[in-house]
Undergrad: 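Encoded as structure tokens, here's the structure I'll be asking about.
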Amino acid sequence: MLSPEQDPIYQLRFRDLIFGIQILCVAFGALVLVPIIAGLDPNVALFSAGIGTLIFQVITGGKVPAFLASSFAFLAPMELGISQYGLAETLSGLLATGIVYLFLSLLIFWGGEKIINRILPPCVTAPVIMVIGLALAPTAVNMASEAGETYSVGMAVAVSLTTLTVTIITTVFAKGLWRLLPILTGLVAGYLVALPLGMVDFSVVAQANWFAIPPFTFPKFHLPSIIFILPIAIAPAIEHIGDILAIKSVTGEDYVRDPGLHRTLLGDGIATSIAALLGGPPNTTYSEVTGAVAITKIKNPAIMTWTSISAIILSFCGKLGAVLQTIPAPVMGGILVILFGTIVVVGMQSLLNHGENLMKPRHVAIISVILVFGVGGMSFQTGYFALEGIGLCSIVGILLNLFLPQSIND
């Protein structure tokens, strides 16, 4: 009988577990930040992210290397809804957003590949992918350079640059297994530098319980909340399509055909509804994870299974989750600088791969508006409904592509 050290299956599973934990570290900051801001419980968010990703994998046949977690797109309406209607009532609106995903899923299923190519050609999808990275760039810079309660700007910059430098060195020069762990390596390096500088607060670890069942909250049917939140789901659904196309560009696999956008949309929608059913924030595919896949070249969707299992376990273990919460913002900022930048490069590469003539007037118009609207923060707001950022530039790009004649000045 082989020992664990000699068993190749054991070695493979252990390695995949490490890769999965690395992905969770990448997603953890945003995953817990959304529920904290919105007034939800981070442990419920961890549990619903893990369950949601597993559901997504089942629906997509385990073919897409994506991890689903707390969506920033719903943050503002969640805050407004909770303050106006209450938490349980707002959750009913979030639960109903799955209807939008279901409708779009059926539309793509019935229309087939032709409708996808017509609505989402490279001149639309590539700049949207770039906007995903560029729009998040200020978040990375702020996390990397802003002072905290116990540290100065100079200390923050030193730690974030250490994290970034170690990540780059590992990505470019490391060999073997170590080459596949640049993000985890960078996190550890930044954390070790932050420790003697007094930037790590362990009080949250001391206060946390070893074992605790997440405090689930169940939705209460409330029609005004449903009417308020339902239209907002259009924007993150469009953003989901951009994320899937970004993952496609990174891995070289055509997820539009197999398992199909109709399945990925349906999986995301059901994951969002399940999260709301448990009292968690809506789920979405994570751009940080796409960047991590691009850097590490680890394209195995099974890794996300380990990420999901780790998230579920953490949701019940207060101490372990609290340890991850001690990671200082500058450490995460250093990692996000390269992750978000990588997403921009993926979008640029997508345009090059399709041989698009960017100077065609039609292409100039579409790409320019998408980039400036997305990066510039253009927003259209009516009452409580707001369309902005990635969702807005995606919809505007789709409309321009549909209404501008193909032959214009070509």
Side-chain angles (χ1 to χ4, degrees), residues 52-66 68 71 73-74 93-129 132 226-227 229-277 282-285 290 301 350 354 356 362 366 370 385 387 390-407:
T53 302
L54 292 177
I55 291 171
F56 177 84
Q57 286 192 314
V58 170
I59 293 174
T60 59
K63 296 178 180 178
V64 184
L68 281 65
S71 172
F74 286 97
L94 296 173
L95 177 64
T97 57
I99 297 173
V100 175
Y101 287 85
L102 175 61
F103 172 78
L104 292 175
S105 175
L106 291 173
L107 181 65
I108 292 174
F109 177 72
W110 288 327
E113 188 176 347
K114 289 183 179 179
I115 194 171
I116 297 173
N117 293 334
R118 178 71 183 98
I119 296 176
L120 297 168
C123 66
V124 173
T125 58
V128 167
I129 293 171
I132 291 172
I226 294 173
I227 295 173
I229 292 179
L230 202 59
I232 299 169
I234 297 172
I238 296 295
E239 184 180 340
H240 164 90
I241 296 174
D243 283 331
I244 293 298
L245 293 172
I247 299 170
K248 170 188 172 183
S249 299
V250 167
T251 64
E253 301 291 337
D254 191 356
Y255 304 119
V256 174
R257 291 187 177 183
D258 185 23
L261 274 178
H262 61 289
R263 290 185 182 274
T264 65
L265 270 169
L266 182 61
D268 198 339
I270 292 178
T272 291
S273 294
I274 292 296
L277 192 63
N283 285 324
T284 188
T285 44
T290 303
S350 178
H354 287 88
E356 295 284 347
R362 182 178 187 276
I366 295 172
I370 290 175
F385 175 75
L387 193 58
I390 299 167
L392 173 61
C393 72
S394 300
I395 292 173
V396 171
I398 289 171
L399 293 176
L400 286 175
N401 175 67
L402 291 174
F403 289 110
L404 288 179
Q406 291 284 347
S407 59

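From a predicted model like this one, the values you see are computed outputs, not experimental measurements.
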Undergrad: Would the distance check show the side chain of Ser105 and the main-chain N or O of Tyr101 forming a donor-acceptor pair, the cut-off being under 3.5 Å?
TA: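 Not a single qualifying donor-acceptor pair exists.
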Undergrad: Look up atom CG in Leu404 and atom CD1 in Ile366, then write down how far apart they are to the nearest 0.5 Å.
TA: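 CD1 of Ile366 is found 5.5 Å from CG of Leu404.
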Undergrad: If only atom types and distance count, is the side chain of Arg362 paired as donor or acceptor with the main-chain N or O of Leu400 below 3.5 Å?
TA: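 Here the side-chain-to-backbone pair does not exist.
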Undergrad: If I compare all heavy atoms of Ala96 with all of Ile226, which pair ends up nearest, and what's the gap?
TA: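 In this case the closest contact between Ala96 and Ile226 is CB-CG2, 3.8 Å.
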Undergrad: Indicate the atoms forming the closest heavy-atom contact of Gly397 with Val124, along with that distance.
TA: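 Reported closest heavy-atom pair: O-CG2, 3.6 Å.
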Undergrad: Taking the side chain from Asn401 and the backbone from Arg118, do they hold a donor-acceptor pair closer than 3.5 Å?
TA: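 Between the backbone of Arg118 and the side chain of Asn401 there is a qualifying donor-acceptor contact (under 3.5 Å).
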Undergrad: State which residue, out of Thr284, Thr264, Thr272, Asn283, fulfils the side-chain hydrogen bond (donor to acceptor under 3.5 Å, both in side chains) condition with His240.
TA: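 Filter result, single survivor: Thr264.
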Undergrad: Looking at every non-hydrogen atom in both residues, tell me the closest pair between Gly62 and Pro301 and how far apart they are.
TA: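 For Gly62 versus Pro301, the nearest heavy atoms are O-CB, 3.3 Å.
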Undergrad: Is there a side-chain contact between Pro65 and Thr251 in this structure, where contact means two heavy atoms from C-beta onward sitting under 4.5 Å apart?
TA: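 Pro65 vs Thr251: side chains touch.
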Undergrad: Please round to the nearest 0.5 Å and tell me the distance separating atom OG1 of Thr97 and atom CD1 of Ile99.
TA: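 Nearest 0.5 Å value for the OG1-CD1 distance: 8.5 Å.
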Undergrad: Working to the nearest 0.5 angstrom, can you tell me the gap between Arg263 CZ and Asp258 CG?
TA: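 Going from CZ on Arg263 over to CG on Asp258, the span is 8.5 Å.
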Undergrad: For a quick test of reading the model, state the closest non-hydrogen atom pair linking Lys248 to Glu253 and the distance between them.
TA: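 Heavy-atom minimum between the residues: CG-O, 3.0 Å.
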Undergrad: Nearest 0.5 Å, please: how far is CG in Leu68 from CG in Asp268?
TA: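 Rounded to the nearest 0.5 Å, the CG-CG separation comes out at 5.0 Å.
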Undergrad: Within the 4.5 Å heavy-atom criterion, are Leu266 and Leu102 side-chain neighbours or not?
TA: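 A side-chain contact under 4.5 Å exists here.
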Undergrad: Are His262 and Leu106 packed together at the side-chain level, in the sense that at least one heavy-atom pair is separated by less than 4.5 angstrom?
TA: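 Answer no - side chains too far apart.
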Undergrad: Taking all non-hydrogen atoms of both residues into account, name the closest pair between Pro127 and Pro122 and its distance.
TA: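 Minimum heavy-atom separation between Pro127 and Pro122: CD-O, 3.6 Å.
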Undergrad: With a 4.5 Å heavy-atom cut-off, do Tyr255 and Thr60 have their side chains touching?
TA: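 No, too far: nothing below the 4.5 Å cut-off.
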Undergrad: Looking at side-chain heavy atoms only, is the closest gap between Val128 and Ile370 below 4.5 Å?
TA: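 Yes, their side chains come closer than 4.5 Å.
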